[in-house]
Amino acid sequence: MKIASWNVNSIKARLPRVTEWLQEFSPDVVMLQELKCIDENFPFMEIEDLGYNLSVHGQKSYNGVAILSKHPIEDVMIGLPGDENDEQARYIEATIKTVRIGGLYLPNGNPLPGPKFDYKLAWMDRLIVRAKELLAQEEMFILGGDYNCCPKDEDCYDPIRLAGDALMQPETRDRYFTLLNLGLTDALRQFYPSGHNYTYWDYQGGAWQKDNGLRIDHLLLSPQAADRLVKCGIDRVPRGKERASDHTPIWCELDID
DNA sequence: ATGGTTGTGTTACAA
C-alpha cells in the first residue's frame, strides 16, 4: 500500500498537477495540505472520477487538509484534540484498511517571537498528546504532512541564513524529536540516513533551480507500521512542472494487503 | 541587495 503526503498550496490552482500525479503515481492513500478552500468548493468530482474516496476538512483562504483513498475511509476525526477554540483546519484523521492515517499541516510559526510561534509550539504539544494516545492502541498508524520543521541543519540548504526561522528553532526541533523519542519512525531516514532530501523549495529567488530546499514534510510511523515499511521516497517530479506547488510529494510503501 | 514569488480575494496577508 502506497501512502503519500503533499502540500499542494491551493487545490484549485493545483488541480491539473494533482490529477496527473494521481494517475501517474497511483498512490492508495494521499494526505493533502493547504487546500485553501472551503469544503463546498473542493473539486470532489475531478478526484472521485480517478477512483478516490475523499474526506475533506477545508477552510476559506488558508489551511485545509484532506485524505484521499482508493479504499473506504472510516472513522473520520476532524481537528486536532486539545483546544476547542482552535478554528484552523490543520488536522484530519481516519482509518483506511488497518492503518490509522493522521494528515497534518503544522503551523508555520513565523514571525518569532510572538503569538504565531506560541501557537505553533502549543499545536505541537497537542500533537504529542495525540501521538501518545494512538501509541497506547499499539496499532499501525502514520502521522504525515507538512511539519514546518527542519529536524537538523542538514535538512536546510543554508542553516545560517535561516537560523532565525521558526522552522529551525530548538523549541520546534525539541518537540519533533519528542515525537520520535516516543517511538515513532521518520520513514525517509530509514532509507536515506543523512544528507539533503528536500521536500520544499521557495518560489522566490530561483530556489528550485539552485536546489535551495528544506526537508519539512515527514511521514512518522508507529512501531507496528514501521515493521511493515518497505520503501520511502520523495518524488521531485511535480516540483519541476509548470504552475507547481512549492512542496513536492513524500511517499512510503507498507507491506499490507 | 532590507529585495524576491505565489495564492486568495481584494489590494493585505500568509507562506
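Proteins get letters first, then strands, A, B, ... in listed order; numbering begins at 1 in each.
- Straight-line distance between the C1' atoms of B/dG4 and B/dA14: roughly 16 Å, to the nearest whole Å.
- Note: CZ (A/Phe117) to P (B/dA14) measures 17 Å, nearest angstrom.
- A salt bridge is absent between A/Arg173 and A/Asp155: the closest approach of a Lys/Arg side-chain nitrogen to an acidic carboxylate oxygen does not fall below 4.0 angstrom.
- Atoms CD (A/Gln59) and C1' (B/dG7) sit 15 Å apart, rounded to a whole Å.
- One interatomic measurement links the two molecules: CD of A/Gln33 to P of B/dA14, which rounds to 20 Å at whole-angstrom precision.
- With P as the reference atom, B/dG9 and B/dT5 are 22 Å apart, rounded to whole Å.
- An OP1 or OP2 oxygen of B/dA14 is reached within less than 4.0 angstrom by a side-chain nitrogen or oxygen of A/Lys116.
- Comparing A/Lys12 and A/Tyr200 against DNA chain B, the residue whose closest nucleotide sits nearer the 5' end is A/Lys12.
- Atom NZ in A/Lys210 sits about 11 Å away from atom P in B/dT5, given to the nearest Å.
- Between A/Arg14 and B/dT6, a side-chain N or O to OP1/OP2 separation shorter than 4.0 Å is absent.
- B/dT6 and B/dT11: their C1' atoms are spaced 15 Å apart (whole Å).
- The two residues A/Met168 and A/Cys150 come nearest to each other via the heavy atoms SD-CB, 3.6 Å.
- Between A/Lys120 and A/Thr172 the shortest heavy-atom distance is CE-CG2, 3.6 Å.
- For the pair A/Ile11 CD1 and B/dT8 P, the computed distance is 11 Å after rounding to whole Å.
- Computed from coordinates, the A/Gln209 CD to B/dT5 P distance equals 12 Å when rounded to whole Å.
- To the nearest angstrom, C1' of B/dA14 lies 14 Å from NZ of A/Lys120.
- A/Tyr147 and A/Leu127 make their closest contact through CE2-CD2, 4.0 Å (heavy atoms, listed as atom of the first residue, atom of the second, distance).
- The nucleotide whose nearest atom lies closest to any side-chain atom of A/Glu34 is, among B/dG9, B/dT8, B/dA15, B/dA15.
- For the pair A/Cys37 and A/Asp246, nearest-nucleotide mapping onto DNA chain B gives the more 5' position to A/Cys37.
- Of the candidates B/dA15, B/dA14, B/dT6, the closest approach to any side-chain atom of A/Asn108 belongs to B/dA15.
- Separating the CD atom of A/Gln204 from the C1' atom of B/dT5 is a distance of 5 Å, rounded to the nearest angstrom.
- Taking 4.0 Å as the cut-off between side-chain N and carboxylate O, A/Glu253 and A/Arg228 do not count as a salt-bridged pair.
- Distances from the side chain of A/Ser10 to the nucleotides B/dA15, B/dT8, B/dG9 place B/dT8 closest.
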